[in-house]
Amino acid sequence: MSNSKQQAQELINFIHGSPSTYHAVNNIRKELNEAGFQELDLREEWEVAKGGKYFTTKNGSAIFAFQIGTGEIEEEGFQMICAHSDAPGFKIKPNPEIEVEGNYIKLNTEVYGGPILNTWMDRPLSIAGRVSVKSNDPLHPEHLYVKIDRPLMVIPNLAIHLNRAVNDGVALNKQKDMLPLLSMITEEMEKDNCLVKLIANELKIDAEAIIDFDVNLFEVEKGCIFGLNDEFISSPRLDDLAMAHAGLKALLSVGNSKKTQMLAIFDNEEVGSVTKQGAGSPVLRHILQRIVFKLGKDMEALHRAIYSSFMISADMAHAVHPNIGEKHDPTNRPFINKGPVIKIHANQKYTTDGDSGTVFETLCKNADVPYQKFVNRSDLVGGSTLGNVSTGQVDIRTVDIGNPMFGMHSVRETGGVEDNAFVRKVFTYFFGL
Ligand SMILES: [Zn+2]
């Protein structure tokens, strides 16, 4: 297997094991632990030293890993890559069971972010997330992770015979049309509270112990490599676990340098980032401050460190679509497997400017990685990302980049095998500076 195919398979495996933000962060935590990174608790006093490797998590769904440089932090600054752990989809509502005509049980859900709804239909789905259970401390419940590794439900389509206009486009109602079918009702089943009982059974705990849950649907089937020459990746959640994974692999593959390397994986990008574990919160600024102060430096040194830093805000980008190429800018046309994409927006939804764009182009050139540029068609409104939200909290020079893909926010997205290898290479070069 080629090196880039092997790296693509690593990504697919990581995403398959990470069906919720909590699982993604926990899998990153495991890899960091194995690599000798020491976990710091946000609530406890930190001890950090030059050359040390550390990480901390927020809410179990955001993670910040850093390797402290051997130089003076106010002169060398932070080399940062940020990405996000969350993906659009469906969260299970409280009291989710709905009986249908005495025969079916379906679950009540709420849409999270902006998924392409129709891609979620007719696919075997299951549930994953965090379960909060009673503990002796009323302010700190115990948290358990649940991931049920078998097909549990489907959101069924309506037959074409019952809607002959289906191929002309169907407006799907989030409350009515998108509820997954979980079960038939049988005489022996205890249908009340059956989801909590299922989770309790999976976790081998009493159902009464479960007080609350943050659980989402996920597609059960694993991603794969496809194409005549095995050049594409088909997987859920490439946006943005592909960037989180590439950042992690880069961080794990570099040794100590004078500069401090940091990987910041935020939650809640898909709903605007303004949560305590999102890029719109002060969490990153506070972490940078603690690092600098715990190295025995002052506020002046913190400010100098911030202004000596550079951030790559890494979130996936749109490749020119093979069937609908007219949706893209006429002169900037990113293609799959032609390298990471620098995202540019005159009105600064992307942070890239001539300065930070030049830095990323130079990084790519030096790392021998091709790169491309993305600008929206001027008559289309694009998405937003982490970079400009994060700079509202910490004003670091930042570039927005991401790998090109199709079907962003589909339950199953398409990216490139070579692009994954390219972005790992340029991230590794960046962290190794
Ligand atoms: Zn994204």
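When a ligand or atom number is given, it counts from 1 through the structure's own listing order.
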K.L.:
Please lay out, stage by stage, how Asp239 and Arg237 fare under the test salt bridge (charged side-chain N to carboxylate O under 4.0 Å, His left out).
P.N.:
CA-CA 5 Å; Asp239 171 18; Arg237 301 181 296 284; over 6 Å; no
K.L.:
Does the Lys NZ or Arg CZ of Lys91 fall within the cation-pi geometry relative to Tyr112 - under 6.0 Å from the ring centre and within 45° of the axis?
P.N.:
yes
K.L.:
Applying ring-ring contact (aromatic ring centres under 6.0 Å, His included), name anything that partners Tyr145, two or more places apart in sequence or on another chain.
P.N.:
His23
K.L.:
Tell me, which N, O or S atom in His84 is closest to the Zn ion (ligand 1)?
P.N.:
NE2
K.L.:
Sequence neighbours excluded and cut-off under 3.5 Å, please list the side-chain donor-acceptor pairs for residues 170-180, or say none.
P.N.:
| from | atom 1 | to | atom 2 | distance (Å) |
| --- | --- | --- | --- | --- |
| Asn173 | OD1 | Gln175 | N | 2.8 |
| Asn173 | OD1 | Lys176 | N | 2.9 |
| Gln175 | OE1 | Lys93 | NZ | 2.9 |
| Gln175 | NE2 | Asn108 | OD1 | 3.0 |
| Asp177 | OD2 | Asn173 | N | 2.6 |

K.L.:
With the Zn ion (ligand 1) as the reference point, give the N/O/S atom of Asp239 that is nearest.
P.N.:
OD1
K.L.:
Which N, O or S atom name in Asp315 marks its closest approach to the Zn ion (ligand 1)?
P.N.:
OD1
